[in-house]
Amino acid sequence: QVQLVESGGGLVQPGGSLRLSCQASGSISRFYAMGWYRQASGKQREVVATITSANSTTYADSVKGRFTISRDNAKNTVYLEMNSLKPEDTAVYYCNASPFSVGWQDYWGQGTQVTVSS
C-alpha cells in the first residue's frame, strides 16, 4: 500500500555531507513515526534517527550533533541531513514508516548506499 523511495546516497569523503530523501507514496502524517535506519556490511540494522508526527526526534548516539532528521508533510518526504561524515557511517540507509497501531505493519524503502571514503 505504502511505498517509500530513498535517494541522495553516494560516495563522499570523510568530513563531507549528504542529504538523503525519503519520498512516500502517501501522507506520512498517517504514521506514528518516520525514521532512518542503516545497515553496514556484516552488521545488524540499526536506528539512526526518528521523527514522530508530533515532530519529536531521536538520534543514535553515534550521529548526534552530526545528523538532522526533518519532514515535509506537504511533500510526503522525510530527510536526513548528514554532516561531518565518517567512514563508519558507510552503510545502506533505509527509510522506515511506523504505524500508530501495534498490530499494523512497518514499511521500508529499498535503501540507498552511503559510502564515506578517502
Side-chain angles (χ1 to χ4, degrees):
Q1 183 180 15
V2 178
Q3 294 181 339
L4 305 174
V5 180
E6 302 98 331
S7 62
L11 175 64
V12 64
Q13 291 184 311
S17 299
L18 284 174
R19 189 178 78 157
L20 306 183
S21 298
C22 172
Q23 178 90 295
S25 60
S27 175
I28 59 175
S29 297
R30 65 196 285 185
F31 296 102
Y32 167 70
M34 303 295 295
W36 287 96
Y37 292 68
R38 68 186 182 188
Q39 186 167 25
S41 180
K43 302 291 182 63
Q44 295 186 62
R45 188 173 297 187
E46 63 177 355
V47 63
V48 176
T50 65
I51 183 166
T52 70
S53 60
N55 210 37
S56 177
T57 59
T58 66
Y59 296 93
D61 288 341
S62 59
V63 307
K64 286 180 180 177
R66 300 189 298 119
F67 291 11
T68 302
I69 189 170
S70 61
R71 60 195 295 156
D72 187 333
N73 291 339
K75 295 182 178 180
N76 296 326
T77 302
V78 61
Y79 303 96
L80 184 68
E81 184 176 345
M82 305 184 293
N83 300 312
S84 301
L85 283 162
K86 305 174 180 180
E88 48 263 48
D89 295 319
T90 296
V92 177
Y93 284 70
Y94 297 91
C95 184
N96 168 266
S98 297
F100 285 97
S101 176
V102 175
W104 234 261
Q105 70 181 98
D106 279 32
Y107 292 90
W108 295 89
Q110 84 288 352
T112 185
Q113 177 71 47
V114 172
T115 302
V116 184
S117 177
S118 300

How long is the span from the CG atom in N76 to the CZ atom in R30, to the nearest 0.5 Å?
10.0 Å
Check for a donor-acceptor pair, side chain of T90 on one end and backbone N or O of V116 on the other, with a separation under 3.5 Å.
yes
List the residues meeting side chain to side chain contact (heavy atoms under 4.5 Å, CB included) with Q110, not counting sequence neighbours, and say none if there are none.
V5, E6
More than 12 non-hydrogen atoms from neighbouring residues, nucleotides or ligands closer than 6.0 Å to CD on E88, yes or no?
yes
Which of V12, T115, N83 passes side chain to side chain contact (heavy atoms under 4.5 Å, CB included) with L18? It is V12
Between the OH atom in Y79 and the CD1 atom in I51, the distance rounded to the nearest 0.5 Å is 12.0 Å
Point-to-point distance, once rounded to the nearest 0.5 Å, from CG of N96 to OG1 of T50
9.0 Å
Looking only at heavy atoms, the pair that brings S53 and S29 closest together is CB-O, 4.4 Å
Rounded to the nearest 0.5 Å, what separates atom CG in L80 from atom OG1 in T112?
11.0 Å
Within-4.5 Å side-chain heavy-atom neighbours: M34 and L4:
yes
So does I69 get a backbone contact from the side chain of Y59, meaning a donor-acceptor N/O pair under 3.5 Å?
yes
Point-to-point distance, once rounded to the nearest 0.5 Å, from OG of S117 to CG of L85:
12.0 Å
Would you say the side-chain atoms of Q23 and T77 include a donor-acceptor pair closer than 3.5 Å?
yes
Does Y107 reach the side chain of F31, with side-chain heavy atoms less than 4.5 Å apart?
yes
Between Y93 and F67, how do the two ring planes meet: parallel, tilted or perpendicular, split at 30° and 60°?
tilted
Can you run down the ring-ring contact (aromatic ring centres under 6.0 Å, His included) pairs that involve residues 37-58, sequence neighbours left out, and say none if there aren't any?
Y37-W108
Between V78 and C95, does a side chain to side chain contact (heavy atoms under 4.5 Å, CB included) hold up when you go through it step by step?
CA-CA 8 Å; V78 61; C95 184; 3.8 Å; yes
Salt bridge or not between K86 and D89? Use side-chain N to carboxylate O under 4.0 Å.
no
Taking all heavy atoms of R66 and all of S84, pick out the closest pair and write down the distance.
NH1-O, 3.0 Å
Just do the side chain to side chain contact (heavy atoms under 4.5 Å, CB included) check on M82 and V48 with the steps written out, would you?
CA-CA 11 Å; M82 305 184 293; V48 176; over 6 Å; no
Return each pair, listed once, that meets salt bridge (charged side-chain N to carboxylate O under 4.0 Å, His left out) where at least one residue sits in residues 71-85; pairs must be two or more places apart or across chains.
none
Could you grab the distance from atom CD of Q39 to atom CD of E46, nearest 0.5 Å is fine?
9.5 Å
